Asker: 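Take a look at this one; I'll ask things after.
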Protein chains: 2
Amino acid sequence: MSFDDFDLDHIPSNAHRLYRLIHDLYVVVDAGDRDVLEPFGLTPSQYRVLVLLDADYGQRLITLSDRLLVARSTITRLIDQMEHAGWVHRVDDPSDRRAQHVALTPLGLTLRNQAYAAHEHSIEDRMGVLGERDQQRLIDFFLRMRAALRNRIIESDSQKK
Amino acid sequence: MSFDDFDLDHIPSNAHRLYRLIHDLYVVVDAGDRDVLEPFGLTPSQYRVLVLLDADYGQRLITLSDRLLVARSTITRLIDQMEHAGWVHRVDDPSDRRAQHVALTPLGLTLRNQAYAAHEHSIEDRMGVLGERDQQRLIDFFLRMRAALRNRIIESDSQKK
DNA sequence: CCCGAACTGTTGCGAGCGCAACAATAGTAT
DNA sequence: ATACTATTGTTGCGCTCGCAACAGTTCGGG
């Protein structure tokens, strides 16, 4: 892996530069996440699950897959790992015998809080490259883009049906 | 998969909102890419390789892995696929008998040009959600962030050594 | 009540990718 | 020249993830 190819001069249009930057930014942000979470023995996927849980009711598996936009089978296997690690436990849902919910163990709660604090701190640090004003403006841009792109995907999905 | 969980109100800080948006944007952009490339029988990875090639010398495998930030083995297998599909062919490098380069076949060149045109058009379309002025401002933000984050990763890499 | 449709979670399978080890080749220091 | 090291590409292995099929359960229309 190298980070040499980061000049945008040869790219034909601003639209294309923007496109490339979205991709590149994701790559460096993800790499930063892995650095932060690795000392806790957590992958980004496991972390995202952990953050959605609590020590009480927790969440149903189907809720987790909906929230994280991953397949149900992925959640099944993530929870398998995390249960084996002693961070979470499955509980049958008495009101719906198909369903289970997943809640944090004491160990999982501790891990969640520590990892969350470290991750939040890291985000503040990394995103702090931009001042609060610029961050706000960037969020506005992103919201407009994401809304538009999302609609386009949903449209093409419904066309497939 | 659903796109329901897109509100940012519960997120604690602007830095964190920004972080989430980078991730979300990547997801919708990637999904859009797959839609565009699927009619050509191309995955995003194959497309990225194709764009870097030409019908003359092409590129060495190591160059491709450097430019695309993927492992050498990934390139080996991508080229295997694309050679089998008849889009590219390997040529031994006479000046370095360890190396090969990969060049487009006539079929590959045609595919590359068609897919590139379709992808460029799609990018213009999708990024065009923002006007030219906003795009330019966004690029400036991104460049600052990417530069800062990149340096941070390179620093932590060198610390590991 | 009952039958078919929808939903929840699990499993098998395959695609994609990174890492480590390897053979072949090239570069370099003595 | 020799020996040591670096580089190029390939392969085996393991991990992550999505899709399709499945069993068990719930829901709704007749």
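Letters go in sequence order (proteins before strands), and every chain restarts at 1. The analysis underlying the following values was restricted to heavy atoms, covering all of them including side chains, and did not include hydrogens, waters or symmetry mates. Computed from a predicted structure; not experimentally measured.
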Asker: Just to verify, what does A:T105 make a side chain to side chain donor-acceptor pair (under 3.5 Å) with, not counting sequence neighbours?
Answerer: none
Asker: What is the distance, to the nearest angstrom, from the CG atom on A:D30 to the P atom on D:dT16?
Answerer: 14 Å
Asker: Side chains of A:T76 and A:R72: donor-acceptor distance under 3.5 Å anywhere?
Answerer: no
Asker: Please confirm whether the ring centroid of A:Y26 lies under 6.0 Å from the ring centroid of A:H23.
Answerer: no
Asker: Would you say D:dC17 has OP1 or OP2 under 4.0 Å from some side-chain N or O of A:T74?
Answerer: no
Asker: Rounded to the nearest 0.5 Å, what separates atom CZ in B:R112 from atom CG in B:D54?
Answerer: 7.5 Å
Asker: When the distance from CZ of B:R34 to P of C:dA15 is rounded to whole Å, what number comes out?
Answerer: 14 Å
Asker: How far does CD of B:Q46 sit from CG of B:L111, to the nearest 0.5 angstrom?
Answerer: 9.0 Å
Asker: Does the side chain of A:I62 reach to within under 4.5 Å of the side chain of A:R67, using non-hydrogen atoms?
Answerer: no
Asker: With respect to A:N14, which candidate in B:E132, B:Q135, B:E124 satisfies the side chain to side chain donor-acceptor pair (under 3.5 Å) definition?
Answerer: B:E132
Asker: To the nearest angstrom, how far is B:L78 atom CG from C:dA15 atom P?
Answerer: 14 Å
Asker: Can you tell whether the side chains of B:D134 and A:R137 come within less than 4.0 Å, N to carboxylate O?
Answerer: no
Asker: Does anything in residues 93-101 of chain A reach DNA chain C, meaning a heavy atom under 4.0 Å, and if so which residues?
Answerer: A:R98, A:A99, A:Q100
Asker: Could I get a table of every N or O pair under 3.5 Å where one atom is in the protein and the other is in nucleotides 13-15 of chain D?
Answerer:
none

Asker: Which pairs pass ring-ring contact (aromatic ring centres under 6.0 Å, His included) with one or both residues in residues 41-66 of chain B, sequence neighbours excluded?
Answerer: B:Y47-B:H119, B:Y57-B:H101
Asker: Should B:V36 and B:W87 be regarded as members of a common hydrophobic cluster, given that ILVMFWY residues are connected when their side-chain heavy atoms come within less than 4.5 Å of each other, either directly or indirectly?
Answerer: no
Asker: Taking CG from B:D66 and P from C:dG18, how many angstroms apart are they, rounded to a whole number?
Answerer: 13 Å
Asker: When the distance from CG of B:L64 to P of D:dG9 is rounded to whole Å, what number comes out?
Answerer: 9 Å
Asker: Excluding sequence neighbours, so at least two apart, what forms side chain to side chain donor-acceptor pair (under 3.5 Å) with B:R98?
Answerer: B:D96
Asker: Let me know the distance between CG of A:L61 and C1' of D:dG18, rounded to the nearest Å.
Answerer: 17 Å
Asker: Taking only N and O in the side chain of A:R72, is any of them less than 4.0 Å away from OP1 or OP2 of C:dT10?
Answerer: no
Asker: For DNA chain C, determine which residues of residues 40-53 of chain A have any heavy atom closer than 4.0 angstrom to one of its atoms, and list them numerically.
Answerer: none
Asker: In whole angstroms, how far is the P atom of D:dT25 from the CZ atom of A:R60?
Answerer: 15 Å
